[in-house]
Amino acid sequence: MEATAQRLRLHLVTWNVGTAQPPGEVDALLGLGASEPPVDLYAIGLQEVNSRILSFLSDLAFEDPWTASLTAALAPLGYVRVSSIRMQGILLLLFAKQTHLPFIRGVRSQFTRTGLHGYWGNKGGVSIRLSLYGHSVCFLNCHLPAHQENAKQRLDDFEHILEMQHFEEKKFPSALDHELLFWFGDLNFRIEDYGLHFIRESISSSRFNLLWEKDQLNMARKKMFFLQEFLEGPLKFKPTYKFDLHSDEYDTSEKKRKPAWTDRILWRVKCLPCSELKGVPREGGVSLSLGSYTSHMDYNISDHKPVTGTFELKVHPLQTEPLVVLCPVGTWSAEQDATVSYVTTPEFASSAWDWIGLYRVSFRHMNDYVMYVWVQDNEISSEDRTKQVYLGAEGLPKAGGEFLLGYYSNALRSLVGLSQPVQVQPSLKSAEQQVGWTGTSSTERLPCERPPCDF
């Protein structure tokens, strides 16, 4: 019996932040508090995140300020950071609602340098690919060469990035093999032919269609076949570059750079049949419709304005059951070892590197566990596809509380099973002292050389 079609809401962000620190408020950027239905998946692509040597070394040891700020905004609302990848100043973050985590599998990331003939990562592309309810999706965040005269170099670099992005997936080895590919970032395309005054006057009078005709990317899409497969919403917002800092005024410096739509979001649905053009997906396929495509002029910490796109993704789920179902055995107390029972599907292949983590209900990412155990090291019984593992009392939170159990698959790089809330009774000593426990910080871990998953 075919699964009922599911509608997922996606929110994409691209912003060249110009080495600035995050603003105090990101709600508008993320569409929080809006009247629309909640977002299911966020993909956030940033460029020119501060990568000066001291800042970059600090970010290697700790979360960079942008990742920390965006995670802090989304985690309390039930979003988990599924994956992230950074290449110098180019950063890509992927967040999903907790309920979707068991159906996000095969997560992989990749990067391609194009700066200094491929030796430097200030320009290039970073990507994250995944299987979403059995459908392949890829997000590609690019920062392409600057300056008016480098349109051909931008196109050459994009083709190079597509050719060099290879994933450890037999069915989807490259970005173009995926059913759905998003291409976004500071693509740096400019407006041809027109002078500064004509461009500014056209912007003032909202005659964007005149400028759209001479947009380098739009012109290239009419001529180059592989670009014709990429779609983009209408540019009904002002060009997003270049602004004076902390201002809504276009460049007033001596250079007086011409405004341009450098910051873009495009997408490609593979093998788009005629029926899908009308928003009707082929059997078992996907369809995508654009909800909004706009800039956010209120943010002025950079010479670029951020651009966001919201989409409705309609999929016929090919995966409807989690690969692993977990549940606690008996009543849990912080004073005693606890037992977890889990059942796997016939097609799931476990690994010695798989682990089960105990998470706070509003956990932020895969490594934001209270404790974890390796499934094979702590196994106490195994019968067919039903197994049990124990969690040592020494790692359980003494103050007790409500938690979740998650099964992390090393092969799929994702949580393939997530339990219902688990209640842990506090220890007697903790109860007597009436100590309120709110969970460990991200740096409080069981002694180990490295966290079990690296994303």
Side-chain angles (χ1 to χ4, degrees), residues 11-33 39 41-96 109 111 115 120-128 139 141-143 184-186 240-241 243 245-247 263 295-308 360 362-368 438-445 451 453-455:
H11 187 98
L12 273 68
V13 178
T14 179
W15 192 4
N16 183 322
V17 299
T19 74
Q21 293 295 300
E25 175 275 318
V26 293
D27 287 7
L29 187 69
L30 301 174
L32 303 179
V39 170
L41 201 70
Y42 282 95
I44 303 170
L46 305 178
Q47 307 85 38
E48 292 194 19
V49 174
N50 191 346
S51 57
R52 295 186 180 95
I53 186 64
L54 291 179
S55 175
F56 190 69
L57 290 175
S58 174
D59 294 344
L60 291 176
F62 309 98
E63 279 186 346
D64 69 87
W66 281 96
T67 298
S69 174
L70 293 165
T71 303
L74 291 172
L77 303 176
Y79 294 96
V80 176
R81 194 170 75 237
V82 174
S83 185
S84 66
I85 180 172
R86 180 174 176 182
M87 180 179 71
Q88 287 182 222
I90 308 175
L91 175 65
L92 178 58
L93 303 167
L94 189 66
F95 296 86
S109 59
F111 66 91
W120 195 241
N122 63 322
K123 295 291 192 293
V126 297
S127 61
I128 296 173
F139 299 92
N141 171 30
C142 292
H143 191 185
F184 59 118
D186 179 2
T240 53
Y241 172 86
F243 289 87
L245 292 180
H246 310 294
S247 167
D263 311 281
S295 64
H296 297 264
M297 299 297 290
D298 291 338
Y299 291 99
N300 56 22
I301 58 174
S302 168
D303 56 355
H304 291 251
K305 301 296 183 182
V307 170
T308 60
R360 292 164 290 180
S362 295
F363 68 103
R364 301 175 304 156
H365 50 77
M366 310 302 179
N367 275 352
D368 192 25
T438 59
T440 62
S441 71
S442 60
T443 58
E444 292 175 282
R445 299 285 183 239
C453 70
D454 181 13
F455 61 93

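A heavy-atom distance below 4.5 Å is found between the side chains of L12 and F139. Looking at L70 and Y79, their side chains never come closer than 4.5 Å, going by heavy atoms from C-beta outward. The closest side-chain heavy-atom distance from N300 to K305 is below 4.5 Å.
Taking SG of C142 as the reference point, atom CD1 of I90 lies at 7.5 Å (rounded to 0.5 Å). Considering NE2 of H11 and CG of L74, their distance stands at 9.5 Å, rounded to 0.5 Å. For the atom pair CZ of R86 and OG of S109, the computed distance is 14.5 Å after rounding to the nearest 0.5 Å. In this structure, OG1 in T71 is found 8.0 Å from CD1 in I44, a value given to the nearest 0.5 Å. If you take NE2 on H143 and CG on N16, they are separated by 5.0 Å, rounding to the nearest 0.5 Å.
With sequence neighbours excluded, no residue satisfies ring pair (Phe, Tyr, Trp, His ring centres under 6.0 Å) with F95.
T67 approaches R81 most closely through the heavy-atom pair CG2-NH1, 3.5 Å. Between N141 and G45, the shortest heavy-atom distance links the atoms ND2-CA, 3.5 Å. Residues R364 and A75 approach most closely at CG-CB, 3.6 Å, considering heavy atoms. Heavy atoms only, all atoms of each residue included: L32 and A73 are closest at CD1-O, 4.3 Å. Residues A96 and L41 approach most closely at CB-CD1, 3.4 Å, considering heavy atoms. Here the shortest heavy-atom pairing between L91 and W66 reads CD2-CB, 4.4 Å.
Checked by atom type and distance alone, the side chain of H365 pairs as donor or acceptor with a backbone atom of N367 at under 3.5 Å. For the pair S69 (side chain) and P65 (backbone), a donor-acceptor distance under 3.5 Å is absent. In this structure, W15 contributes its side chain and T308 its backbone to no donor-acceptor pair below 3.5 Å. Looking only at distances, no side-chain donor or acceptor of T14 sits under 3.5 Å from a matching main-chain atom of D263.
Annotation for Y42: atom OH counts as buried by contact number, over 12 foreign heavy atoms lying within 6.0 Å.
For the residue pair Q88 / N122, no side-chain donor-acceptor distance below 3.5 Å is found, with atom types taken as modelled. Checking N50 against Q21 by side-chain atom types alone, no donor-acceptor pair falls below 3.5 Å.
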